[in-house]
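Okay, structure first, notes after.
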Amino acid sequence: MSEQNLSLNMKKSRGRTGRKRRRKHLKSFMDGVNCSHKLEYIKLKKWLKERGFEDSNLRPAEFWETGRGLMTTKALQAGDLIISLPEKCLLTTGTVLSSCLGGHIVKWKPPVSPLLALCTFLIAEKHAGEKSPWKPYLDVLPNTYTCPACLEPGVINLLPKPLKKKAQEQKMMIQELFRSSKAFFSSLQPLFAENTGTIFNYSALEWAWCTVNTRTIYMKHPRRECFSLEPDVYALAPYLDLLNHSPNVQVKAAFNEQTRSYEIWTNSQCKKYQEVFICYGPHDNQRLLLEYGFVAMDNPHSSVYVSPDTLLKYFSPLDKQRKAKVSILKDHDYLENLTFGWEGPSWRLLTALKVLSLGADEFSCWRRILLGDVTSARNEQQALGTAAKICHFLIEETQHALFQISQLKRDKENLKTHLTLVEMLRSEDLKILQKSAEILCNLNLGTT
């Protein structure tokens, strides 16, 4: 073989190897990049092992679509145990009462809520730094959250109307919790060298509240006299809380009284080296954003909500029976949870529209409509026509919001993460509304 040919073959070989390596790297990146070697995860696994956690087949990893999560090192079949976390690893109100905060909580009147107890513990332990026995867990918790309560007012304004209202309520609830807890925080001064006003500030409480709200598992605890009457159903679950949500999987999760461990079993398959998902429940994207601070793309449970204001502006205030119709809808809970979904307008939305579309001669038939009966072809057609108008209005509103977001993303670099999240929500809403418009167009053609 000539020197030239040998050189060419070596280049070809290197080219093939390079391509293979690139493909392997790309596949690894799509599957997830293993992060087990990172110091914070090594410390966390050691800490968990000391508390009886048996190393499972799960590894912390960074994923292209979901960010941080857990990958499996073996294929999972339906019925397999994903994780079993011993009771000693769980952070509950029992943990709080066993700490130096316990005596102060028991004495405080009126009693604090289980939620506030957990928030106080998280703030105190974070402040303790190296001295905290929970440091390995605290080190892997997010420093910031994307719950609506943490969004800037300008970003909240870009949310769909019903979610914007809930986001503002969430923010006000945390502000009220902070205001009403100041005296309790001050009572903890003997435990700290630094002023409690500096330690237990608003941003610290907001962070702790978001940690509890977005990362706890449901675990019912016995009622304790030292807590208020709010349900004590929270448990923070280190490592387990790295599992991300997917609406397309099914799991069984509960505390096992025999093993004294919180266990999650999968009802779905998962390939080796892929991300393991759990399901937080059949939540739409607005609920996911409100409660957990993220959006799931192509979520089958997603809906676009129609606010009462939007609904009623399509009906004349001159209709003498309008007030009575609105009263009927309110009394029978038909002014809330009116939605468009992937299959078009919901039954509840169409029912509300049919009641509002009743002619003077049909008004007495409103009970039949609530039971699902058809009163007249005219009523059906008018309800579908109004649904189409509302749908087109919401499409225009969503497109306008997306345009505003794209402009703000260019101008406000510091808000890019929050704006991208709202953009994802609005983009998913737009797809649902466009699908609903198509369905309504076909239905309206069928009734004419």
Side-chain angles (χ1 to χ4, degrees), residues 63 65-67 69 78 82 145-149 151 158-167 169-170 213-218 241 243-254 264-270 274-308 310-311 333-353 387 390-391 394-395 397-398 401-402 420-440 443:
F63 296 92
E65 285 187 353
T66 54
I82 296 176
Y145 288 94
T146 49
C147 303
L151 304 179
L158 294 165
L159 292 170
K161 209 173 187 177
L163 183 57
K164 178 183 165 182
K165 185 173 174 245
K166 286 178 182 173
E169 286 167 359
Q170 190 182 75
N213 199 57
T214 64
R215 306 188 76 77
T216 48
I217 52 173
Y218 180 89
D241 64 6
L243 289 161
N244 286 320
H245 164 83
S246 168
N248 305 312
V249 301
Q250 288 184 323
V251 294
K252 212 166 56 173
I264 300 182
W265 302 76
T266 182
N267 288 333
S268 313
Q269 289 185 332
C270 184
Q274 282 195 344
E275 181 170 11
V276 181
F277 288 102
I278 57 173
C279 184
Y280 301 171
H283 303 318
D284 61 59
N285 276 339
Q286 294 202 20
R287 172 86 184 271
L288 288 174
L289 182 54
L290 187 71
E291 299 295 343
Y292 304 103
F294 70 87
V295 169
M297 298 310 285
D298 300 317
N299 182 354
H301 308 296
S302 257
S303 302
V304 178
Y305 289 79
V306 179
S307 68
T310 302
L311 176 79
D333 192 29
Y334 274 90
L335 279 180
E336 300 294 332
N337 294 325
L338 310 177
T339 58
F340 288 101
W342 295 108
E343 293 175 1
S346 67
W347 185 82
R348 286 177 62 82
L349 174 57
L350 287 175
T351 301
L353 289 169
I390 294 171
C391 189
L394 291 173
I395 285 172
E397 186 189 62
T398 305
L402 283 165
T420 301
L421 189 63
V422 180
E423 186 177 46
M424 283 170 71
L425 176 74
R426 287 290 201 167
S427 299
E428 192 81 346
D429 283 0
L430 186 59
K431 283 195 277 184
I432 290 166
L433 290 166
Q434 286 168 337
K435 182 71 180 164
S436 288
E438 189 187 316
I439 291 165
L440 281 163
L443 284 172

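Quick note: numbers below take in every heavy atom, side chains included, and nothing from hydrogens, waters or symmetry partners.
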CD1 of I439 to CH2 of W342: how many Å apart, nearest 0.5 Å?
10.5 Å
Donor-acceptor pair, side chain of S346 and main chain of L338, under 3.5 angstrom
no
I need the minimum non-hydrogen distance between L289 and T146, along with the two atoms involved.
CD1-O, 4.0 Å
Which atoms form the tightest heavy-atom contact between T266 and V251, and what is the distance?
CA-CG1, 4.2 Å
Test salt bridge (Lys or Arg N to Asp or Glu O under 4.0 Å) applied to R287 - qualifying residues, sequence neighbours left out
none
Counting only N and O atoms by type, is there a donor-acceptor contact under 3.5 Å from the side chain of S436 to the main-chain atoms of G341?
yes
What's the verdict on side-chain contact (heavy atoms from CB on, under 4.5 Å) for I432 and S303, showing C-alpha distance, side-chain angles and the deciding distance?
CA-CA 7 Å; I432 290 166; S303 302; 6.0 Å; no
Just to verify, what does T66 make a side-chain contact (heavy atoms from CB on, under 4.5 Å) with, not counting sequence neighbours?
F63, N244, E275, F277
Please report the shortest heavy-atom distance between A167 and P148, naming the atom on each side.
CB-CB, 3.4 Å
With E291 via side chain to side chain donor-acceptor pair (under 3.5 Å) - residues at least two apart
N213
Enumerate, atom names and distances included, each donor-acceptor pair closer than 3.5 Å involving a side-chain atom of residues 292-302, sequence neighbours excluded.
{"from": "D298", "atom 1": "OD1", "to": "K431", "atom 2": "NZ", "distance (Å)": "3.2"}
{"from": "N299", "atom 1": "OD1", "to": "H301", "atom 2": "N", "distance (Å)": "2.9"}
{"from": "N299", "atom 1": "ND2", "to": "H283", "atom 2": "O", "distance (Å)": "2.9"}
{"from": "N299", "atom 1": "ND2", "to": "N285", "atom 2": "OD1", "distance (Å)": "3.3"}
{"from": "S302", "atom 1": "OG", "to": "N285", "atom 2": "N", "distance (Å)": "3.3"}
{"from": "S302", "atom 1": "OG", "to": "N285", "atom 2": "ND2", "distance (Å)": "3.0"}

Interatomic distance, E423 atom CD to L430 atom CG [nearest 0.5 angstrom]
11.5 Å
Which residues share a side-chain contact (heavy atoms from CB on, under 4.5 Å) with Q269, sequence neighbours left out:
Q77
Considering residues at least two apart in sequence or located in another chain, which fulfil the side-chain contact (heavy atoms from CB on, under 4.5 Å) criterion with E336?
P308, D333
Nearest heavy-atom pair of Y334 and T351: which atoms, and what distance?
CE2-CG2, 3.8 Å
Can you tell me how far CG of L163 sits from CD of Q286, rounded to the nearest 0.5 angstrom?
4.5 Å
Checking S246 side chain against N248 main chain: does a donor-acceptor pair fall under 3.5 Å?
yes
I278 CD1 to H245 NE2 distance, which is reported to the nearest 0.5 Å:
9.5 Å
Search all heavy atoms of D429 against all heavy atoms of P160 and return the closest pair with its distance.
OD2-CG, 3.6 Å
I'd like to check the side chain to side chain donor-acceptor pair (under 3.5 Å) partners of K164; sequence neighbours left out, ordered by chain and number.
N157
What pairs with S307 under side-chain contact (heavy atoms from CB on, under 4.5 Å), at least two apart in sequence or on another chain?
K161, P162, D309, T310
My understanding is that only residues two or more places apart in sequence, or in another chain, count here; which of them pass salt bridge (Lys or Arg N to Asp or Glu O under 4.0 Å) with D241?
R215
By salt bridge (Lys or Arg N to Asp or Glu O under 4.0 Å), E169 pairs with (sequence neighbours left out) K165
When rounded to the nearest 0.5 Å, the distance separating OH of Y145 from OG1 of T214 is 4.5 Å
My understanding is that only residues two or more places apart in sequence, or in another chain, count here; which of them pass side chain to side chain donor-acceptor pair (under 3.5 Å) with Y280?
none
Answer yes or no: is there a donor N or O on one side and an acceptor on the other, between the side chain of R348 and the main chain of N337, under 3.5 Å?
yes
Distance in Å, L350 CG paired with L440 CG, rounded so as to fall on 0.5 Å steps:
7.5 Å
When every non-hydrogen atom of L311 is compared with those of L353, the smallest separation belongs to CD1-CD2, 3.6 Å
Test your reading of the model: is there a side-chain donor-acceptor pair from Q250 to the backbone of N267, 3.5 Å cut-off?
no
